[in-house]
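Here's the structure, in structure tokens; my notes come after.
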Amino acid sequence: MESPPPTAAAAAERPSEAAALRALVDRVRAGEVEAAREVRRLTRSSSRHRRKLAAAVEPLVAMLRSPAPDAGEAALLALLNLAVRDERNKTKIVDAGALEPLLGYLQSSDLNLQEYATAALLTLSASSTTKPIISASGAIPLLVKVLKEGNSQAKNDSVMALYNLSTVTDNLQTILSVQPIPSLIELLKGGKRSSKTTDKCCALLESLLSFDQGRAALISEEGGVLTIVEVLEEGSLQGREHAVGALLTMCESDRNKYRDIILNEGAIPGLLELTVHGTPKSRVKAHVLLDLLRNSPYSRSKLPADTLENIVSNIASQIDGEDRGGKAKKMLAEMVKVSMEQSLRHLQRRASFA
């Protein structure tokens, strides 16, 4: 038989949800590790609980400083969930003094704690309010160190956190000063061409290549420009947009210095395709870069009259119009036919970096 419905008196004896959450916060204040884990569980996918448990932020930040590793980890993971998609909680966490212990965890020999701290800084750095505070805290050199030495997930999260912080223009020189470009290229080489991490890597590189120091670091890195060209060819729409932007930034800064470098890495096929299939920004950037690259670096006597130079120089004028897709395909086929030497050299270089 089914149990009879509870009486009004029995229902009144049950603690309300609000009272239960207040009791949970009190348990966190008392330093209960299990209470921090319960906060993490409740806030994993519930924006309502993130808001209702905002009062747990300060005691969780205090728990971050606990010498007990399990307490620090539980607090860290609870704060991470509280910050996700909640701007007020992000600000509250930073204002409560979480950055100091988080930076400590970034330097932890425990790679899991380092990973969780990196994820927390990624989440916190998504807020325009907290970015300047995080920037001033000394987080950037530590994030680059994680990019160089952390585990796979920490490296991915550090790139995205650095990208978030790079949108504060004054931070670009700080990021460059700790030499992130070799690690960014290494991450690009080892990752999927079409991924969020690759997109953010290329976006960050596009910004860093605005500086002489950034460009010098890239061309001194073996396979650096080639790796960006590969994203140009195989990346997501956003990744390709940032890849062409990075190459364009280089070429616009010093056309004579970087034109041959970009051509020698076989950028033309990807650029031609981008003029048809890229985002609106990609198409514009590809057109501009093709125009900058249109003067052949090779002697005219070494190539047939119908050279890569002639094809590329006509792209901008011929690609527009109703039949631009068909024209692009014909020009792509012609380009491949007349640039066999360049294509072969490009494939050989790729093989050397495999």
Side-chain angles (χ1 to χ4, degrees), residues 14-64 66 69-99 101-102 105-106 108 110-131 134 143 146 150-165 191-192 194-200 236 238:
R14 293 178 179 174
S16 67
E17 181 189 45
L21 295 179
R22 284 195 298 271
L24 179 59
V25 172
D26 287 341
R27 289 170 56 205
V28 175
R29 286 197 182 97
E32 287 188 32
V33 174
E34 196 53 46
R37 292 181 179 135
E38 179 67 6
V39 172
R40 178 197 179 195
R41 186 187 68 78
L42 290 172
T43 55
R44 181 176 288 121
S45 58
S46 170
S47 58
R48 182 172 63 87
H49 279 119
R50 290 182 197 120
R51 185 54 48 82
K52 288 182 176 295
L53 286 167
V57 165
E58 289 189 8
L60 284 168
V61 169
M63 194 181 289
L64 276 181
S66 169
D70 60 337
E73 179 178 325
L76 180 50
L77 292 171
L79 287 166
L80 177 56
N81 282 358
L82 280 164
V84 172
R85 292 188 291 276
D86 193 305
E87 294 302 300
R88 277 194 278 183
N89 280 351
K90 287 182 175 71
T91 302
K92 192 178 182 71
I93 290 166
V94 171
D95 288 347
L99 289 180
L102 284 176
Y105 285 123
L106 278 187
S108 173
D110 184 327
L111 293 183
N112 286 328
L113 288 175
Q114 186 185 84
E115 176 189 325
Y116 303 149
T118 306
L121 283 170
L122 165 59
T123 302
L124 294 172
S125 66
S127 167
S128 59
T129 304
T130 60
K131 280 179 192 178
I134 295 171
L143 286 168
V146 172
N151 64 29
S152 178
Q153 186 59 53
K155 287 181 177 181
N156 291 342
D157 287 348
S158 68
V159 164
M160 290 190 274
L162 286 166
Y163 168 74
N164 287 345
L165 297 175
K192 293 181 179 179
S194 183
S195 69
K196 190 172 182 180
T197 299
T198 293
D199 293 350
K200 297 303 183 184
S236 69
Q238 287 302 312

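Atom set for the values below is all heavy atoms of this structure, side chains included, hydrogens, waters and symmetry mates excluded. What you are looking at is a predicted structure, and each value in this text was computed from that prediction instead of being measured.
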Quick one: side-chain hydrogen bond (donor to acceptor under 3.5 Å, both in side chains) partners of [X], sequence neighbours excluded?
X	answer
Asp26	Arg29
Ser125	Asn164
Thr129	none

### Task
May I ask you to decide if Asn81's main-chain N or O and Arg50's side chain share a donor-acceptor pair within less than 3.5 Å?
yes
By salt bridge (charged side-chain N to carboxylate O under 4.0 Å, His left out) - contacts of [X] (at least two apart):
X	answer
Arg88	none
Glu32	Arg27
Glu58	none
Lys90	Glu87

Distance-only check: which donor-acceptor pairs under 3.5 Å involve side-chain atoms of residues 111-118, not counting sequence neighbours?
residue	atom	partner	partner atom	Å
Gln114	NE2	Leu106	O	3.0
Glu115	OE1	Asn151	ND2	3.0
Thr118	OG1	Gln114	O	2.7

Among residues at least two apart in sequence or on other chains, which ones pass side chain to side chain contact (heavy atoms under 4.5 Å, CB included) with [X]?
X	value
Arg48	Glu17, Ser46, Lys52
Ala30	none
Ala23	none
Ala119	Leu80, Asp157

### Task
May I ask you to test the Leu53-Val28 pair for a side-chain heavy-atom distance under 4.5 Å?
no
### Query
Considering only heavy atoms from C-beta outward, does the side chain of Leu143 approach that of Leu165 to under 4.5 Å?
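Leu143 vs Leu165: side chains touch.
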### Message
Is it true that, when you exclude Tyr163 itself, more than 12 heavy atoms of the residues, nucleotides or ligands shown sit nearer than 6.0 Å to its OH?
### Response
no
